[in-house]
Undergrad: 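This structure is in structure tokens; I'll ask about it shortly.
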There are 2 protein chains.
Amino acid sequence: MAVTIKDIAERVGVSVTTISRVLNNRGYLSDKLKKKVQGAMEELNYQPNELARSLSRKKSNVIGLIVPDISHPFFGQLTKHIEYYAYKHGYKLMLCNSLLNKKKEKEYIELLRASQVDGIIMGSHTMKVEDYMAIKLPLVTLDRRISDAIPYVSSDNYKGGALATKLLIRKRCRKIAYLSGSLQLNLLAKQRHDAFMEQVGRQSVDYVVRQTDLNGFKYKEYEALVRELFDEHPDIDGVFASSDLLALQVVRESRRRGKSIPGDLKVIGYDGIQNGGAEELTTIEQPIQEMGKLAVLRLLQQMAGEETPLETILPVRLLERGTT
Amino acid sequence: MAVTIKDIAERVGVSVTTISRVLNNRGYLSDKLKKKVQGAMEELNYQPNELARSLSRKKSNVIGLIVPDISHPFFGQLTKHIEYYAYKHGYKLMLCNSLLNKKKEKEYIELLRASQVDGIIMGSHTMKVEDYMAIKLPLVTLDRRISDAIPYVSSDNYKGGALATKLLIRKRCRKIAYLSGSLQLNLLAKQRHDAFMEQVGRQSVDYVVRQTDLNGFKYKEYEALVRELFDEHPDIDGVFASSDLLALQVVRESRRRGKSIPGDLKVIGYDGIQNGGAEELTTIEQPIQEMGKLAVLRLLQQMAGEETPLETILPVRLLERGTT
DNA sequence: TTGTAGGCGTTATCAT
DNA sequence: ATGATAACGCCTACAA
């Protein structure tokens with residue numbers, strides 16, 4: 001059996017209250033006693049039981065994070081930063097991978113609530129709006145506006161879409177494709193598409209739009225999607241892919257067909273992911289670190305009962321590299 | 001205040017014991033009562049408090065996972081599968097990102113123990129052997145043998161190293177470089193290097209070895225490393241990189257220098273990461289999914305008090321693709 | 001089949 | 001300054 005404050009108390013010859021006090025640095029304590037207690041703790045190798053503390057305090061210092069797929073570079077990087085800031089503020093992270101599975105996402109939310117997490121960051125959105133509103137826990141949403149009661153953090157999708165499209169047009173593309181993958185079922189990423197439509201409309205450039213369906217993460221399907229696009233529209237000379245992974249697929253397929261990039265075809269991606277072969281892709285970079293930081297911050301604010309802005313939209317940046 | 005079993009008990013007019021019983025499906029209960037209790041739970045929207053349960057049962061159903069960097073594709077994918085199997089068996093995941101920071105890793109271990117996790121999967125190894133042996137909690141290590149008391153899961157690094165080197169030699173490379181990055185401070189990945197040395201020695205092929213230092217994750221340093229290699233050894237015609245990320249860097253640098261791959265230079269990576277730009281890389285594929293599955297399995301076995309093999313080594317596979 | 005009461009390890013409210 | 005004691009929400013002998 002592990003050693004508890006009771007053991008320490010007996011050892012030192014005081015009450016558990018006192019031990020608890022030095023543990024939390026609360027109340028008035030003589031330095032002598034403090035030292036003695038700390039000494040005993042070391043000797044007995046005492047470790048506080050966070051479960052008991054959490055139960056008593058009604059605060060677990062745990063944040064739940066729900067993402068669609070932790071192996072997706074965007075979410076991997078986001079998670080890294082979320083963990084960083086959570087840790088910095090004394091919070092642990094419970095990681096939930098929904099795989100865009102509605103049932104699993106719902107189960108996880110109940111699990112998190114049952115586990116008494118202090119708040120949830122949602123990066124996966126497969127449920128109904130009411131379901132989210134029923135969570136009644138400090139909550140921050142990523143890239144999705146659910147209601148005007150749930151704060152969200154996002155980057156400027158409309159701006160990003162406009163920047164990307166404008167670049168392709170400026171580079172004299174005559175027929176541009178907009179490609180979006182299964183991650184894009186959320187509302188806000190749709191603004192990239194809106195911006196695209198507005199730009200091609202305004203400049204009356206020829207265009208095509210292709211979207212994969214939303215069920216799950218079959219990255220393999222990207223391949224078919226891109227192949228199909230090229231088969232049906234061999235005359236495309238510009239592609240705006242709404243994720244870097246998709247853009248990479250476009251680059252690969254072009255290579256296979258002997259199309260040179262950026263000569264015959266210009267490609268721009270989205271996200272600005274690192275560590276994975278997208279380093280030479282022209283892309284719209286999302287400020288992933290800032291997004292993670294602010295997601296945590298907004299959550300902390302809520303947990304502290306402070307006012308939180310509904311909307312936090314961070315700037316994107318065009319990274320012009322080798323594919324345009 | 002949230003509703004507790006006590007509320008349910010009062011509502012139904014029975015004791016809390018009974019409620020607890022139906023909650024855990026333990027003991028003898030009349031169906032009538034069961035239904036009534038479940039009804040009341042629904043009505044009051046009762047949710048069990050896992051903290052209280054865990055405290056009482058002395059079992060949290062939480063697994064701690066420590067990785068060096070969740071944004072690294074290898075660990076992202078591994079984590080995805082670990083989460084999958086943990087969830088399947090009723091365990092939640094507490095994610096810890098050590099960033100290969102010794103202090104943070106140690107703090108996290110104490111945090112996990114304080115949080116009463118039922119076991120730990122360690123993918124980060126910066127501490128001393130004694131520190132790990134002192135954990136005294138069900139523990140599984142990834143890619144590292146710490147002592148003969150701590151089970152570990154790995155893939156066949158020696159075989160992988162041999163396969164890779166042999167391939168380059170078979171493809172008639174005359175001067176081969178072995179590159180390894182900061183992730184490789186662990187013992188087992190070193191076997192790739194051992195195998196490399198053995199192979200080049202046996203065939204008396206010319207070779208070079210380059211390793212980055214171990215502090216942290218400066219992926220940017222990969223670039224310098226590779227550039228340096230090429231500057232000093234322009235006559236290299238084969239590279240065995242001990243991670244796909246490194247191999248990608250080699251590919252990029254070669255492109256920059258106008259070296260054609262696989263014509264002038266053959267490159268083979270390691271890991272078999274997906275969802276990025278490594279799809280056309282020749283590589284040694286680690287069975288990431290199986291590794292995740294077995295890590296969880298070995299941990300479950302320990303938690304159940306069963307015998308666990310010290311060593312679990314999974315087979316690797318050569319994926320010959322475009323860069324050799 | 002159901003209830004009573006003590007315990008899980010800590011914190012918090014009163015006292016003293 | 002320090003101590004008793006009742007929570008926190010649930011589980012589990014032991015009784016009945």
Side-chain angles (χ1 to χ4, degrees), chain A residues 1-38 40-41 44-62 90 92 110-118, chain B residues 1-38 40-41 44-62 90 110-118 137:
Chain A
M1 185 104 318
V3 14
T4 74
I5 48 171
K6 207 170 160 189
D7 300 315
I8 311 282
E10 283 172 9
R11 188 80 141 76
V12 181
V14 294
S15 80
V16 292
T17 311
T18 305
I19 308 300
S20 175
R21 281 208 181 92
V22 357
L23 211 54
N24 298 288
N25 226 338
R26 224 193 290 290
Y28 324 90
L29 300 164
S30 70
D31 270 12
K32 255 196 316 189
L33 226 177
K34 231 177 188 167
K35 291 260 192 290
K36 234 168 105 183
V37 169
Q38 281 162 346
M41 285 180 173
L44 301 186
N45 192 21
Y46 167 75
Q47 306 234 215
N49 182 326
E50 283 297 331
L51 287 186
R53 294 183 118 174
S54 300
L55 179 61
S56 182
R57 291 190 180 137
K58 295 180 157 304
K59 176 139 179 41
S60 64
N61 279 289
V62 175
K92 289 153 281 176
E110 292 187 357
L111 244 150
L112 289 178
R113 132 163 310 127
S115 301
Q116 313 297 116
V117 300
D118 295 330
Chain B
M1 184 105 318
V3 14
T4 74
I5 49 170
K6 205 171 161 189
D7 300 316
I8 310 282
E10 281 170 10
R11 187 78 141 79
V12 181
V14 294
S15 79
V16 291
T17 311
T18 305
I19 309 301
S20 173
R21 283 209 179 93
V22 358
L23 211 54
N24 299 288
N25 225 336
R26 224 194 290 291
Y28 323 90
L29 301 163
S30 72
D31 270 12
K32 256 195 316 190
L33 227 175
K34 231 175 187 168
K35 292 257 192 290
K36 236 167 107 183
V37 170
Q38 281 161 348
M41 286 180 173
L44 302 186
N45 192 21
Y46 167 76
Q47 305 232 217
N49 182 325
E50 284 297 330
L51 287 187
R53 293 183 120 178
S54 300
L55 179 61
S56 181
R57 290 191 184 136
K58 296 178 157 305
K59 175 139 178 47
S60 64
N61 279 287
V62 174
E110 289 186 359
L111 243 151
L112 289 178
R113 131 163 311 128
S115 300
Q116 313 297 118
V117 301
D118 296 330
L137 220 59

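These values consider heavy atoms only, across backbone and side chains, with no hydrogens, waters or symmetry-generated copies. Every chain is numbered from 1, with letters handed out A, B, ... down the list of sequences.
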Undergrad: Does N24(A) or S56(B) map to a spot on DNA chain C nearer the 5' end, using the closest nucleotide for each?
TA: S56(B)

Undergrad: I want to verify a distance call: between dG3(C), dC10(D), dC11(D), whose nearest atom is closest to the S20(B) side chain?
TA: dC11(D)

Undergrad: Quick check against the 3.5 Å criterion: does S115(A) have a side-chain atom that pairs as donor or acceptor with the backbone of V117(A)?
TA: no

Undergrad: Would a 4.5 Å heavy-atom cut-off, applied to side chains only, mark K34(A) and N25(A) as touching?
TA: yes

Undergrad: In residues 10-19 of chain B, what residues come within less than 4.0 Å of DNA chain D, judged by heavy atoms?
TA: T17(B)

Undergrad: Could you check how far CZ of R21(B) sits from C1' of dC14(D), rounded to whole Å?
TA: 11 Å

Undergrad: Tell me the interatomic distance from K36(A), atom NZ, to dA1(D), atom C1', rounded to whole angstroms.
TA: 14 Å

Undergrad: Around atom NZ of K35(B), are there more than 12 heavy atoms from other residues, nucleotides or ligands closer than 6.0 Å?
TA: no

Undergrad: Quick one: are T4(A) and V16(A) in side-chain contact, heavy atoms under 4.5 Å?
TA: no

Undergrad: Can you confirm whether N24(B) sits close enough to R57(B) that some side-chain heavy atom of one is under 4.5 Å from a side-chain heavy atom of the other?
TA: yes

Undergrad: In the structure I gave you, are the side-chain heavy atoms of R53(A) and L23(A) within less than 4.5 Å of one another anywhere?
TA: yes

Undergrad: What is the distance, rounded to the nearest whole Å, between atom CD1 of I8(B) and atom P of dC10(D)?
TA: 9 Å

Undergrad: Quick one: N25(A) CG to dA1(D) P, roughly how many Å, whole number?
TA: 14 Å

Undergrad: Think S30(B) has a side-chain N or O under 4.0 angstrom from the OP1 or OP2 of dT2(C)?
TA: yes

Undergrad: With heavy-atom distances below 4.5 Å as the criterion, would you say the side chains of R21(B) and V37(B) are in contact?
TA: no

Undergrad: May I ask you to verify if any side-chain N or O of K58(A) is less than 4.0 angstrom from the OP1 or OP2 atom of dG9(D)?
TA: yes

Undergrad: Using atom CZ of R57(B) as one end and atom P of dT12(D) as the other, report the distance to the nearest whole Å.
TA: 7 Å

Undergrad: Could you tell me the separation between the CG atom of L55(B) and the P atom of dC11(D), rounded to a whole number of Å?
TA: 11 Å

Undergrad: With sugar-phosphate meaning primed atoms plus P, OP1 and OP2, does R26(A) contact a base, only sugar-phosphate, or nothing at under 4.0 Å between heavy atoms?
TA: sugar-phosphate

Undergrad: So S54(A) and Q116(A), do their side chains get closer than 4.5 Å, heavy atoms only?
TA: no

Undergrad: Hey, does I8(A) have a side-chain heavy atom less than 4.5 Å from the side chain of L44(A)?
TA: yes

Undergrad: Rounded to whole angstrom units, what separation is found between the CD atom of Q116(A) and the C1' atom of dT10(C)?
TA: 16 Å

Undergrad: Angle, rounded to 10°, between the helical axes spanning five pairs at each terminus of the helix from dT1(C)-dA16(D) to dT16(C)-dA1(D)?
TA: 40°

Undergrad: Whole angstroms only, please: what is the CG-P distance between L51(A) and dC11(D)?
TA: 14 Å

